[in-house]
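To start, the structure itself, in structure tokens.
Below, chain A is the first sequence line, B the second, and so on; all start at residue 1.
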2 protein chains.
Amino acid sequence: MGRVTIRDVAERAGVSTATVSRALSGARPVSPSVLETVTRAADDLGYSGNGIASALRRSRTDTVGMVVPSIANPFFTALVEGVEHALQQAGRQLFLCSSRSDPDLEAQRLRSLVARQVDGIVISPVHGIRSREALAWATDQLPLVQVDRYVAGVDSDWVGVDDDLALRLVVDHLADSGVTSAAFISSTLTNSSTELRVAGFTEHTARRGVAVRDVLLGEYSIAWGREAMQRLVAAGPLPDAVVCADDLIALGVLQACAAAGVAVPADVLVTGFDDIPYAALSDPPLTTVRQPQDDIAEEAVRLLSAALGPHRAPPARSALAPSLVVRASTGVSASG
Amino acid sequence: MGRVTIRDVAERAGVSTATVSRALSGARPVSPSVLETVTRAADDLGYSGNGIASALRRSRTDTVGMVVPSIANPFFTALVEGVEHALQQAGRQLFLCSSRSDPDLEAQRLRSLVARQVDGIVISPVHGIRSREALAWATDQLPLVQVDRYVAGVDSDWVGVDDDLALRLVVDHLADSGVTSAAFISSTLTNSSTELRVAGFTEHTARRGVAVRDVLLGEYSIAWGREAMQRLVAAGPLPDAVVCADDLIALGVLQACAAAGVAVPADVLVTGFDDIPYAALSDPPLTTVRQPQDDIAEEAVRLLSAALGPHRAPPARSALAPSLVVRASTGVSASG
DNA sequence: ACCATCCGTGTAATCGATTGCCAAGGCGTG
DNA sequence: CACGCCTTGGCAATCGATTACACGGATGGT
């Protein structure tokens with residue numbers, strides 16, 4: 001087991017630990033000959049430093065924590081990849097945690113990240129109310145950026161998508177396709193995204209004269225989508241369209257339609273949200289709202305980096321524009 | 001910004017830092033009244049400890065690192081969730097990194113994890129040869145468990161699936177369905193899993209008298225599956241079956257079939273590997289090999305915990321049995 | 001009544017790297 | 001030639017928590 005410390009390197013190189021530190025980190029110049037000797041000694045011994053000790057002294061870890069409700073949801077994995085990529089450019093590492101959509105677990109993760117002295121946190125909070133306390137506490141300790149969803153009453157930056165615009169795009173598209181009644185399937189979670197999507201659905205269906213048949217709340221999963229659609233089928237005449245708050249729900253809906261012999265889009269139109277990679281592969285391919293995940297991730301890291309600086313800027317809120325991806329589930333014939 | 005240390009708590013409670021430490025960690029008993037006072041003081045100040053300082057002193061971080069080739073691949077996210085869950089039971093945290101299927105990036109991640117003093121590492125290595133050096137080095141520093149894929153010549157534990165058995169199940173199923181020729185689509189990556197799957201395919205097709213039409217190597221992605229299938233279609237008469245080394249490739253193959261007007265399973269049978277959640281949702285649903293991901297994850301954590309103990313056991317290799325999930329892509333009519 | 005325990009608490013060393021401060025030597029300038 | 005600056009390296013303090021060791025007082029056994 002390697003147990004090489006800076007002292008070992010210093011001894012072998014015949015210099016002090018201070019010099020080794022400066023030679024390896026470049027914090028201050030050392031003479032070329034000493035640099036050579038030290039580098040050689042470090043290599044020979046396989047010295048790799050002790051990040052913990054370094055972090056303690058510098059009170060920086062060059063690490064940021066990220067907390068997402070689920071790492072099985074492709075939308076979040078895409079977001080995570082984006083954030084990791086952006087951080088890497090800045091020489092920082094990502095410490096990823098899953099809150100499993102549980103506010104208590106989320107609070108625990110936050111405490112753990114703060115205790116581990118991460119430099120900052122990127123979080124997609126679980127719940128609009130039950131996440132608040134932990135989030136406020138964390139925000140008080142270090143720079144924090146909310147992504148996608150956001151909890152009101154927390155003094156932090158936020159970057160996400162313009163949910164109202166998204167629902168406007170969806171409803172306009174459906175109305176233009178002749179839809180006169182629609183159901184909405186979403187999650188019970190009380191958070192900004194979920195609420196704004198329901199609100200947007202309500203508002204824009206009203207504006208376009210589309211009748212709202214049902215609003216079913218469950219969770220963001222394939223299983224819930226399947227179950228919700230089964231209920232709609234059992235309940236009687238179907239609406240013209242089923243609007244889903246994310247793609248997983250929509251995939252479940254499609255599955256339930258296939259099982260129940262309901263033809264999509266002939267009998268009912270279906271839309272999703274997020275444009276995960278599998279949305280294009282379903283039967284039929286899914287019309288959905290594409291989120292600019294990479295832009296969201298980049299912006300989040302940019303905001304975090306700014307917050308790591310000396311200046312204390314007021315919280316920023318940035319809502320990026322989504323776009324509608326039209327596929328066969330709303331009537332376009334399938335094609336290559 | 002919170003900057004509360006154990007000294008602040010000690011001062012407020014009117015005791016020494018040693019007592020505070022003992023009261024809060026329970027390392028040694030303190031009198032009830034002192035415990036009360038200290039807990040109160042810590043709460044009042046919002047003390048949350050400094051994990052870095054603690055880790056330095058105890059030379060334990062209660063954190064394990066995990067390195068996977070991709071976090072966008074649902075197979076790995078399932079594995080990650082399993083590992084995280086198992087670790088949580090043991091009171092440890094997961095530090096997740098993606099190597100992006102790049103051995104250099106992988107080596108960098110390993111260095112970084114070792115420098116951060118994680119207690120152990122779970123890794124699914126990228127490359128059978130180019131990952132070896134970094135893996136051997138890391139194994140020399142701390143306990144390490146390989147999962148899924150495995151690099152020979154590294155003195156570490158491994159847990160994964162029995163790839164030979166998996167291919168036997170697939171080929172037997174196909175042969176029993178009347179298939180007499182097959183193509184294999186996989187990745188160029190040189191690693192145990194990939195190689196064992198090719199070997200298994202070759203061996204079992206030979207055993208069952210199935211002609212091998214083509215072995216196409218690319219990467220584990222939907223895009224490559226699509227492209228490979230396009231090539232097969234362009235190349236002339238199709239084999240009876242297309243066997244894919246993972247589900248992403250298979251999903252791409254299905255997509256290309258749909259685009260090219262090739263009917264599955266009427267014109268060609270298709271099989272995948274992993275049984276990711278989306279395998280059941282494709283058109284048609286995919287016959288695939290189910291990996292016991294949770295068992296793999298649990299076993300990996302178990303091995304790691306064992307390695308963290310005092311004893312130096314010889315490296316263990318544990319190949320768990322997969323099972324075949326038969327769906328419509330190999331001829332079963334779609335149902336419920 | 002005396003000595004051996006034992007319990008709870010404090011003092012201070014320690015983990016490993018970084019860095020403020022100081023000193024020695026080299027160099028240039030007046 | 002003398003003086004001061006600038007460069008390079010070492011000493012030792014420091015980050016915050018843990019813990020070996022010591023110590024005082026209470027308890028119990030004989």
Side-chain angles (χ1 to χ4, degrees), chain A residues 1-39 41-42 45-63 111-112 114-119 141-142, chain B residues 1-39 41-42 45-63 111-112 114-119 141-142:
Chain A
M1 294 282 179
R3 202 126 301 285
V4 185
T5 75
I6 200 172
R7 297 178 79 117
D8 302 321
V9 177
E11 218 161 284
R12 177 176 247 257
V15 297
S16 73
T17 61
T19 302
V20 173
S21 173
R22 295 197 266 248
L24 296 179
S25 75
R28 259 179 44 183
V30 295
S31 70
S33 68
V34 169
L35 176 58
E36 161 70 16
T37 316
V38 169
T39 313
L45 295 172
Y47 175 69
S48 63
N50 184 325
I52 296 294
S54 168
L56 176 60
R57 179 62 226 250
R58 299 188 308 140
S59 48
R60 285 193 79 196
T61 51
D62 292 323
T63 297
R111 276 196 301 274
S112 169
V114 169
R116 271 184 177 53
Q117 310 282 112
V118 296
D119 295 340
Q141 313 276 320
L142 40 66
Chain B
M1 295 283 179
R3 202 126 302 283
V4 186
T5 75
I6 200 172
R7 297 178 79 117
D8 301 322
V9 178
E11 219 160 283
R12 177 176 247 256
V15 297
S16 72
T17 61
T19 302
V20 174
S21 174
R22 295 197 266 249
L24 296 179
S25 73
R28 265 176 47 181
V30 295
S31 72
S33 68
V34 169
L35 177 57
E36 161 71 18
T37 317
V38 169
T39 312
L45 296 172
Y47 174 68
S48 63
N50 184 326
I52 296 295
S54 168
L56 175 60
R57 180 60 227 250
R58 299 189 307 140
S59 49
R60 286 191 78 197
T61 51
D62 292 323
T63 297
R111 275 197 302 274
S112 169
V114 169
R116 272 185 175 59
Q117 310 283 112
V118 295
D119 295 339
Q141 314 274 321
L142 40 66

In whole Å, what is the span from the [atom1] atom of [X] to the [atom2] atom of [N]?
{"X": "R28(B)", "N": "dC7(C)", "atom1": "CZ", "atom2": "C1'", "result": "9 Å"}
{"X": "I52(B)", "N": "dC15(C)", "atom1": "CD1", "atom2": "C1'", "result": "13 Å"}
{"X": "R3(A)", "N": "dA17(C)", "atom1": "CZ", "atom2": "P", "result": "11 Å"}
{"X": "D8(B)", "N": "dC15(D)", "atom1": "CG", "atom2": "C1'", "result": "14 Å"}
{"X": "I6(B)", "N": "dT11(C)", "atom1": "CD1", "atom2": "C1'", "result": "14 Å"}
{"X": "L35(B)", "N": "dT9(C)", "atom1": "CG", "atom2": "C1'", "result": "14 Å"}
{"X": "L24(A)", "N": "dA17(C)", "atom1": "CG", "atom2": "P", "result": "10 Å"}
{"X": "R7(A)", "N": "dT14(C)", "atom1": "CZ", "atom2": "P", "result": "10 Å"}

Can you identify which nucleotide, out of [options], has its nearest atom closest to the [X] side chain?
{"X": "A18(B)", "options": "dT19(D), dG16(D), dT9(C)", "result": "dT19(D)"}
{"X": "S16(A)", "options": "dT8(D), dT9(C), dC11(D)", "result": "dC11(D)"}
{"X": "T17(B)", "options": "dT9(C), dT18(D), dG9(D)", "result": "dT18(D)"}

Go nucleotide by nucleotide along DNA chain C from the 5' end; which of V30(B) and S54(A) gets its closest nucleotide reached first? V30(B)
Pairwise 5' ranking along DNA chain D for R57(B) and R22(A), keeping only the more 5' one: R22(A)
When every non-hydrogen atom of T61(A) is compared with those of R116(A), the smallest separation belongs to CG2-O, 3.9 Å
Nearest atoms (heavy-atom pairs only) where V114(A) meets S48(B): CG1-OG, 4.0 Å
Between T19(A) and dG10(D), is there a side-chain N or O to OP1/OP2 distance below 4.0 Å? yes
Phosphate OP1/OP2 of dA17(D): any S21(B) side-chain N/O under 4.0 Å: no
Under 3.5 Å donor-acceptor, S21(B) side chain and T17(B) backbone: no
Surrounding CZ of R58(A) (heavy atoms of other residues, nucleotides or ligands, distance under 6.0 Å), is the total greater than 12? yes
At 4.0 Å (heavy atoms only), tell me whether V20(A) reaches a base, stays on the sugar-phosphate, or touches nothing. nothing
